[in-house]
Q: 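My questions will all concern the structure given below.
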2 protein chains.
Amino acid sequence: MADADTPLVLIVDDEAAQLALLGYNLKAAGFRVATAKDGDEALLAVAEQGPDVILLDWMLPRLSGLEVCRQLKATPAGRDAAIIMVSARSEETDRVRGLETGADDYIVKPYSVAELIARVRANLRRLRPTSSGQTLEVGDIRLDPDTHRVTRQGQVLHLGPTEFRLLGALMERPGKVWTREALLDRVWGRDIYIDTRTVDVHVGRLRKTLLSQGGEDPIRTVRGAGYAMG
Amino acid sequence: MADADTPLVLIVDDEAAQLALLGYNLKAAGFRVATAKDGDEALLAVAEQGPDVILLDWMLPRLSGLEVCRQLKATPAGRDAAIIMVSARSEETDRVRGLETGADDYIVKPYSVAELIARVRANLRRLRPTSSGQTLEVGDIRLDPDTHRVTRQGQVLHLGPTEFRLLGALMERPGKVWTREALLDRVWGRDIYIDTRTVDVHVGRLRKTLLSQGGEDPIRTVRGAGYAMG
DNA sequence: GATAACCGTCACGCAATCGTCACATCAAGG
DNA sequence: CCTTGATGTGACGATTGCGTGACGGTTATC
């Protein structure tokens, strides 16, 4: 059961009760579990054990979760892991800042165990193709998840955080038609209540940037359904 | 609107006012709604109607919400549903106990309608992950539900949403003769009042597109009965 | 505290698509 | 050949979906 192929989840939280609860549920779901009480322990554990997923609490003593995230993403082992920020604060700003710092996902308290497990699994799946420095490429567009850099025909394009994640989602499965709802899930996060038309606006902004250096429109609008890449 | 594809939400609460309020909001959000006043009614309703999401109040007469949750998760129909516990108590212990018992999510009073709807939707999405439909193929015509792409002999064909769904229905069961009424049900939706002749028009438009690149007419008209593929 | 970047929402306008009708055409029986 | 009911189809007004500029609000940065 707990062999090296079993995904390792590192839980970083300063509350012992949280560590116990999360650990219990994750073990029950078949994961290996490591724990850390603060940022320093977390950095050490990441370097030593190389976890696949890191559950990182927002509120930590000494270093904030945000700062820990930044430092983790600066280490080789940290870049190979998916970081899920856990927060009691639901404000948009926190989420954006978390994702900008390099977190791969975000979950807001209170969350369900089913949701947590689903998130961990989803990020594990996503880990393989993208997170290990794998640059996405569709046509003449390249997206580097590590450096957050997008180029078209060598030209570097500047994208906002949301548009970057939007493009990343579209490029991850070229051709697949995403409904606006699915994109809200994938790009904005679950349990976020946002007008679906907002997706249209961001697609428009993304298109504008992608077309700024000329070239064809790489995003296909499927009337009545959603959007797709390629 | 209220066809079988519309998700069914079962509300379990002993206060009539709560039932009415929640029911009103959920219906306004486009869900079908069923109600139950206590645990016994809930168990019956779940077995009979097989809801997709269950909103389960914590405080119930006779059986507690917790116990109802446990019993629900012991039934086949209950396991297929997402259970959201609704509680006025915000203590951590309650949440943990609720989730340990098998609830999929948890929402604490007072909550906003927007949050409630968002939770219900989020749990629905988790319940039915986007099934990657297999590409349909009849003769030289291919239809990919995933990419919403229709090709004939490699040529990409452009179809409107309705014609796409119409072709999908026909291709799903090649040879089967669909009556106009059945097609209205399948393609347009169950409780839609539309002239059956409209089907003829759309079949005509579909034929026109399918024949635009040459080839035989793949749709067979069965006089007095309806249409069939192949 | 001022500026710039970015976000989510709204309103407007255009184009695609829809449903219906009217008329043409067809199939089958007499 | 004629009749009759069913089907094909072009035209048209109405609706809907989508693109997009504008706007106010928030945050980061200096």
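In what follows, every chain begins at residue 1, and chains take the letters A, B, ... in the order their sequences are listed.
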Q: Whole angstrom is fine here: how far is it from CG in A/Leu206 over to P in C/dG8?
A: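 A/Leu206 atom CG is separated from C/dG8 atom P by 14 Å.
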
Q: Write down the distance between CD1 (A/Ile219) and C1' (D/dG19), rounded to a whole number of angstrom.
A: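 Rounded to the whole Å, the gap is 13 Å.
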
Q: At less than 4.0 Å, is any side-chain N or O atom of A/Tyr227 found next to OP1 or OP2 of D/dG17? Yes or no.
A: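 No, no such contact exists.
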
Q: How close or far is atom P of C/dA16 from atom CG of B/Leu159, stated in whole angstroms?
A: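 In whole Å, C/dA16 P and B/Leu159 CG are 15 Å from each other.
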
Q: For a quick test of reading the model: is some side-chain N or O of B/His158 closer than 4.0 Å to OP1 or OP2 of C/dT17?
A: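 So the side chain of B/His158 is within the cut-off, an N or O lying under 4.0 Å from OP1 or OP2 of C/dT17.
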
Q: Salt bridge check, A/Asp144 against A/Arg149: does any charged N sit closer than 4.0 Å to a carboxylate O?
A: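 Looking at A/Asp144 together with A/Arg149, the answer is no, because their closest N to O distance does not fall below 4.0 Å.
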
Q: OP1 or OP2 of C/dG19 sitting under 4.0 Å from any side-chain N/O of B/Trp188?
A: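 Answer is yes, contact under 4.0 Å.
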
Q: For the side chain of B/Asp195, starting at C-beta, report the closest nucleotide among C/dC7, D/dT9, C/dC21.
A: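 That would be C/dC21.
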
Q: For A/Arg223 and D/dG19, what is the distance between atoms CZ and P respectively, to the nearest whole Å?
A: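 Result: 8 Å.
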
Q: Atom NZ of A/Lys208 to atom P of D/dT20: distance rounded to whole Å?
A: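 One finds 9 Å between P of D/dT20 and NZ of A/Lys208, rounded.
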
Q: Find the distance B/Asp217:CG to D/dT7:C1' and express it as a whole number of Å.
A: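 So the CG-C1' distance, B/Asp217 to D/dT7, works out to 13 Å.
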
Q: Rounded to the nearest angstrom, tell me the gap between atom CZ in A/Phe164 and atom P in C/dC7.
A: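 One finds 13 Å between P of C/dC7 and CZ of A/Phe164, rounded.
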
Q: Heavy atoms from C-beta onward define the side chain here; which of C/dA15, D/dG5, C/dC18 lies closest to that of B/Glu163?
A: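 Nearest listed nucleotide: C/dC18.
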
Q: Check this for me: does the side-chain of A/Arg197 come within 3.5 Å of the base of D/dG19 through a donor and an acceptor?
A: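 Side chain to base: pair present.
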
Q: Check the angle between the aromatic planes of B/His202 and B/Trp188 and answer parallel, tilted or perpendicular using the 30° and 60° thresholds.
A: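 Rings of B/His202 and B/Trp188: perpendicular, as their planes differ by over 60°.
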
Q: Check the phosphate of D/dG17 against A/Arg180, side-chain N and O only, distance under 4.0 Å to OP1 or OP2. Yes or no?
A: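 Negative; the distance criterion is not met.
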
Q: Taking the side chain of B/Pro161 as heavy atoms from C-beta outward, which of C/dT9, C/dT17, D/dG5 is closest to it?
A: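 Shortest atom-to-atom distance from the side chain points to C/dT17.
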
Q: B/Ile194 side chain: which of D/dT9, C/dG19, C/dA16 is closest?
A: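 Nearest to the side chain of B/Ile194 among the choices is C/dG19.
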
Q: Run the salt-bridge test on A/Asp200 and A/Arg180 with the 4.0 Å N-O cut-off and return the result as yes or no.
A: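 Salt bridge between A/Asp200 and A/Arg180, a charged N being under 4.0 Å from a carboxylate O: yes.
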
Q: Please confirm whether the shortest side-chain N or O distance from A/Arg205 to OP1 or OP2 of D/dT20 is below 4.0 Å.
A: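 For A/Arg205, the contact criterion (side-chain N or O under 4.0 Å from OP1 or OP2 of D/dT20) is not met.
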
Q: Can a side-chain donor-acceptor contact be found between B/Ser212 and B/Arg207 if the only test is distance below 3.5 angstrom?
A: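 Side-chain D/A pair, B/Arg207 to B/Ser212: absent.
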
Q: NA contact type, A/Val203, heavy-atom cut-off 4.0 Å: base, sugar-phosphate, or nothing?
A: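 Touches nothing.
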
Q: Side-chain N or O of B/Arg207 less than 4.0 angstrom from OP1 or OP2 on D/dG8?
A: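 Indeed, a polar side-chain atom of B/Arg207 lies that close.
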
Q: For A/Val199, which contact category applies under a 4.0 Å heavy-atom criterion: base, sugar-phosphate, or nothing?
A: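 Here A/Val199 touches no strand at all.
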
Q: With a 4.5 Å cut-off on side-chain heavy atoms, are A/Ile141 and A/Met171 touching?
A: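 Side-chain contact under 4.5 Å: yes.
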
Q: Respond yes when some side-chain nitrogen or oxygen of B/Thr221 is under 4.0 Å from OP1 or OP2 of D/dT7, and no when none is.
A: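 B/Thr221 to D/dT7 OP1/OP2: no side-chain N or O under 4.0 Å.
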
Q: Only one of B/Leu206, B/Val177, B/Val199, B/Val222 passes side-chain contact (heavy atoms from CB on, under 4.5 Å) with B/Tyr227; say which it is.
A: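 Among B/Leu206, B/Val177, B/Val199, B/Val222, the one meeting side-chain contact (heavy atoms from CB on, under 4.5 Å) with B/Tyr227 is B/Val199.
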
Q: Using atom OH of A/Tyr193 as one end and atom C1' of C/dG8 as the other, report the distance to the nearest whole Å.
A: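 My rounded result for the distance is 14 Å.
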
